[in-house]
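A note on names: the letters A, B, ... follow the listed sequences, proteins ahead of strands, and every chain is numbered from 1.
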Number of protein chains: 2
Amino acid sequence: MARADGAARAATLSDVARAAGVSLATASKAINGRDQVAPATRERVMRAAEELSFTPNQLARSLIAGRTGTVGLLTSDLEGRFVIPILMGAEDAFGAGQVNVFLCDARGDAIREQHHLKALLNRRVDGIIVVGRQTDPRPSLGHDLPVPVVYAYAPSDDPTDVSVTPDNVAGGRLAVEHLLACGRTRIAHITGDPEYAAAQDRAIGVRAALADAGLELVGDVRFSTWSEHWGRDASAMLLAQHPDVDGIVCGSDQIARGVLDTLRDLGKRVPEDVAVIGYDNWEVLATNSRPELTSIDANLQQLGRTAAMRIFEAIERTDGAEPGAGVHHLPVRLVIRGSTVARR
Amino acid sequence: MARADGAARAATLSDVARAAGVSLATASKAINGRDQVAPATRERVMRAAEELSFTPNQLARSLIAGRTGTVGLLTSDLEGRFVIPILMGAEDAFGAGQVNVFLCDARGDAIREQHHLKALLNRRVDGIIVVGRQTDPRPSLGHDLPVPVVYAYAPSDDPTDVSVTPDNVAGGRLAVEHLLACGRTRIAHITGDPEYAAAQDRAIGVRAALADAGLELVGDVRFSTWSEHWGRDASAMLLAQHPDVDGIVCGSDQIARGVLDTLRDLGKRVPEDVAVIGYDNWEVLATNSRPELTSIDANLQQLGRTAAMRIFEAIERTDGAEPGAGVHHLPVRLVIRGSTVARR
DNA sequence: TAGCGTGCCGAAAGGCCTTTCGGAAGGTTT
DNA sequence: AAACCTTCCGAAAGGCCTTTCGGCACGCTA
């Protein structure tokens with residue numbers, strides 16, 4: 001266990017002051033770069049601090065400042081597929097080392113969530129980011145909290161909260177527009193659980209883009225589960241009914257993987273005969289398929305950055321005003337790979 | 001932004017004391033369940049606290065106790081594939097709400113790691129768990145830290161540190177033993193980057209188990225990259241040279257997915273003709289393949305729990321002794337699915 | 001030489017809580 | 001009635017730091 005014998009008790013500021021032969025106040029000022037300290041004195045203090053390997057106790061600082069420089073990330077995203085990029089974006093935005101993040105996983109349990117929420121408030125976090133694992137609205141934490149809250153990925157069901165979530169409608173549009181640009185006109189849509197807002201929103205975008213182009217969807221939107229199995233089954237049925245389909249928009253990369261499997265089994269070439277586009281841009285799935293999968297990326301890291309910036313703004317302004325209430329739909333991004341455009 | 005107007009300043013203990021008509025000390029004792037307080041008085045204080053929605057400032061408490069009840073999780077695991085289960089295990093072990101975890105991602109950058117380390121120490125975490133993304137030893141943080149450190153997944157290169165890591169050799173053995181139990185005798189091994197200790201260790205286990213059974217590996221161990229592409233290519237070459245192979249141990253689930261693809265293309269039935277076993281038990285890959293993939297699970301959540309418990313022990317004992325220094329190899333687990341055993 | 005400004009330092013308060021210890025009030029024993 | 005104990009409460013110190021503000025010493029001007 002790494003615990004130095006000598007470091008049993010961390011050096012405190014008064015240790016430094018004594019070592020440097022100055023008062024507590026002067027030591028503090030020297031270390032924090034305040035003026036009112038002669039250069040020579042400052043030098044002396046700094047050297048003493050160095051020798052004692054003094055690190056200022058952030059607890060005491062926070063107590064005085066009334067601010068801890070910490071943020072709570074409250075999630076129910078078990079797998080961490082969404083929460084990790086969001087966390088990284090948040091870290092970026094805050095600036096490494098300036099702000100630290102408490103990560104709490106409520107595991108989809110409201111009681112545990114309350115528990116964690118209370119713990120975070122006791123620790124006097126400056127703000128809270130709530131990350132859901134679906135884009136369906138989730139219950140608000142309420143407005144009687146002493147710190148700002150931003151909802152990421154899953155928006156709050158209260159429109160006076162601040163929420164940031166990917167623009168799934170735009171994602172659906174983007175997918176179709178890309179297929180159209182590739183010259184496809186007979187386009188189908190296979191997606192996941194119809195209970196998910198993500199599935200519905202993407203389908204809306206798909207239909208809208210087709211309507212704009214004066215086209216209709218080939219067959220109905222096929223909803224079921226977010227799995228490869230469904231991708232395989234659905235595409236088999238689709239091809240049986242509509243052998244002339246030349247483009248398939250999938251509601252997730254998993255579904256797209258299944259679709260690719262079936263097309264391959266049926267002897268269809270991708271992208272020559274049928275172009276396939278996925279959703280989520282989950283690297284491990286998208287870059288390992290045959291061919292590699294074009295996909296829609298939700299820019300989760302950017303989402304995290306945005307959430308962090310919103311928190312930041314809210315922390316800065318002490319008037320308690322509520323800037324940017326409402327659900328903000330963030331743009332998504334197309335990542336083109338071999339499943340829609342043959343490689344040269 | 002959720003910020004109640006009335007909650008501009010959180011209630012402090014002296015507010016409660018005043019409201020209840022008692023002194024600071026009494027209020028403190030009442031709230032913390034100390035004796036030396038008359039039941040009636042306690043009741044009065046509790047009610048006042050309730051009404052003011054008082055939450056004790058954990059900062060001040062920590063300052064006094066010399067303990068914060070927080071732990072730092074320092075990772076370089078970008079994708080979070082390993083860190084999330086470990087984090088969850090740690091949360092479990094600490095007991096939700098008792099201890100909170102600061103998650104810091106160093107992104108494989110030593111400077112950033114130092115930065116985060118310093119921030120964690122300033123915040124006076126009680127301990128640090130370091131999570132790597134490979135099982136190769138990583139540089140120690142050193143022994144001159146004022147808090148205990150446990151290395152998880154990636155062990156420290158210093159044997160006097162405490163490390164917990166999955167037993168990859170046992171995993172390799174387990175895979176082969178399972179194939180043997182399934183009646184396979186012509187077993188090959190396709191795995192990832194030979195620079196990874198994980199690849200080497202698993203290969204050692206594979207060879208050892210075969211040797212114990214008086215068998216030899218079919219062909220050499222095939223090292224390359226941890227990708228589906230490699231799984232596809234390697235198995236194609238393997239089958240060309242050794243058409244009689246009847247079992248393939250893969251170094252990862254990704255590789256196994258590629259292997260399954262190729263076997264399917266070649267008209268081999270899995271598991272009837274060839275049994276395939278993966279590694280990592282990455283649900284999204286293992287349960288979506290055709291057939292579903294038998295795999296070795298590293299019990300990461302258990303790993304996290306163990307790491308947390310070690311930290312706990314070290315925190316408890318104030319004598320600075322170093323219990324359990326060294327690298328602890330934790331048992332892994334076989335998850336049987338359709339790729340080795342035909343479903344009934 | 002008296003008066004004034006400037007530059008630097010230190011005493012002390014304050015942030016929020018816990019704990020120790022002294023002491024008041026009430027009841028019990030001799 | 002005196003001595004004692006128990007029960008409960010409160011003053012104060014302490015944990016570590018920052019900030020305010022008063023004051024000392026020095027050098028300058030009149």
Side-chain angles (χ1 to χ4, degrees), chain A residues 7-46 48-49 52-70 119 121-126 146 318, chain B residues 7-46 48-49 52-70 119 121-126 146 318:
Chain A
R9 208 185 106 268
T12 121
L13 185 60
S14 50
D15 294 337
V16 176
R18 200 172 329 111
V22 298
S23 80
L24 219 59
T26 307
S28 172
K29 280 182 275 193
I31 283 177
N32 293 310
R34 294 263 163 291
D35 43 7
Q36 310 252 349
V37 180
T41 312
R42 162 162 297 143
E43 176 61 27
R44 205 145 34 90
V45 172
M46 293 303 253
L52 296 172
S53 66
F54 165 78
T55 57
N57 188 326
Q58 193 64 44
L59 262 54
R61 288 185 150 178
S62 302
L63 195 56
I64 296 162
R67 255 206 219 181
T68 54
T70 60
L121 293 178
N122 285 355
R123 294 201 186 284
R124 297 297 192 266
V125 294
D126 294 333
T318 47
Chain B
R9 206 184 108 270
T12 122
L13 186 60
S14 49
D15 295 337
V16 175
R18 200 171 329 111
V22 298
S23 81
L24 219 58
T26 306
S28 171
K29 280 181 276 193
I31 283 176
N32 293 310
R34 293 264 163 288
D35 43 7
Q36 310 250 349
V37 180
T41 313
R42 162 161 300 142
E43 176 61 26
R44 204 145 35 91
V45 172
M46 293 303 253
L52 297 172
S53 64
F54 165 77
T55 58
N57 189 326
Q58 193 64 42
L59 263 57
R61 288 186 148 175
S62 302
L63 194 57
I64 296 162
R67 258 208 216 179
T68 54
T70 60
L121 293 178
N122 285 357
R123 293 201 187 285
R124 296 297 191 269
V125 292
D126 294 332
T318 47

Applying side chain to side chain contact (heavy atoms under 4.5 Å, CB included), run through B:N122 and A:R61 and close with a yes or a no. CA-CA 10 Å; B:N122 285 357; A:R61 288 185 150 178; 5.8 Å; no
Side-chain N or O of B:S23 versus OP1/OP2 of D:dC9: is the shortest distance under 4.0 Å? no
Separation of B:M46 CE from B:T41 OG1 (nearest 0.5 Å): 12.5 Å
Length of the line joining A:F54:CZ and D:dT18:P, which is rounded to integer Å: 7 Å
CG of A:N57 versus P of D:dG14: gap in Å, rounded? 18 Å
Taking 4.0 Å as the cut-off, does a side-chain nitrogen or oxygen of A:T41 come that near to OP1 or OP2 on C:dC8? no
Within this structure, what is the NZ-to-P distance between A:K29 and D:dC17, rounded to whole angstrom? 16 Å
Return no unless some side-chain N or O of B:R61 is found under 4.0 Å from OP1 or OP2 of C:dC16. no
Would you say A:R34 places a side-chain N or O within less than 4.0 Å of OP1 or OP2 belonging to D:dT18? no
Nearest 0.5 Å please: distance from the CD1 atom of A:I31 over to the OG1 atom of A:T26. 11.0 Å
For D:dG10, take OP1 and OP2 only and decide whether either is under 4.0 Å from a side-chain N or O of B:T26. yes
Taking atom C1' of D:dG15 as reference, at what distance in whole Å does atom CD of A:Q58 sit? 16 Å
Students often get this wrong, so: under 4.0 angstrom with heavy atoms, is A:A38 touching a base, only sugar-phosphate, or nothing? sugar-phosphate
Rounded to the nearest 0.5 Å, how far apart are CG of A:L63 and CD of A:Q58? 11.5 Å
Spacing of CZ belonging to A:R42 relative to CG belonging to A:N32, to within rounding of 0.5 Å: 9.5 Å
Could you state the atom-to-atom distance from CZ of A:R42 to C1' of C:dG7 in whole Å? 13 Å
Between D:dC8, D:dG15, C:dC8, which nucleotide gets closest to the side-chain atoms of A:Q36? C:dC8
Side-chain atoms of A:T12 come closest, of D:dC17, C:dT19, D:dC9, to D:dC17
Please determine if a side-chain N or O atom of A:N32 lies less than 4.0 Å away from the OP1 or OP2 oxygen of D:dT18. yes
Rounded to whole angstrom units, what separation is found between the CG atom of B:N122 and the C1' atom of D:dC16? 13 Å
Can you check the B:I64 CD1 to D:dG15 C1' distance for me, whole Å? 7 Å
Check for a donor-acceptor pair, side chain of B:N57 on one end and backbone N or O of B:L59 on the other, with a separation under 3.5 Å. yes
Could you give the CZ-to-C1' distance, from B:R44 to D:dG10, as a whole number of Å? 14 Å
Among the nucleotides C:dT18, D:dC17, D:dC8, whichever has the atom closest to the side chain of A:A60 is D:dC17
Starting from the first five and the last five pairs of the helix from C:dT1-D:dA30 to C:dT30-D:dA1, work out the angle between the resulting helix axes, to 10 degrees. 70°
Are the side chain of A:R123 and the backbone of B:T68 linked by a donor-acceptor contact shorter than 3.5 Å? yes
Within the 3.5 Å criterion, strictly below it, is a donor on A:R124 or A:T70 matched to an acceptor on the partner's side chain? no
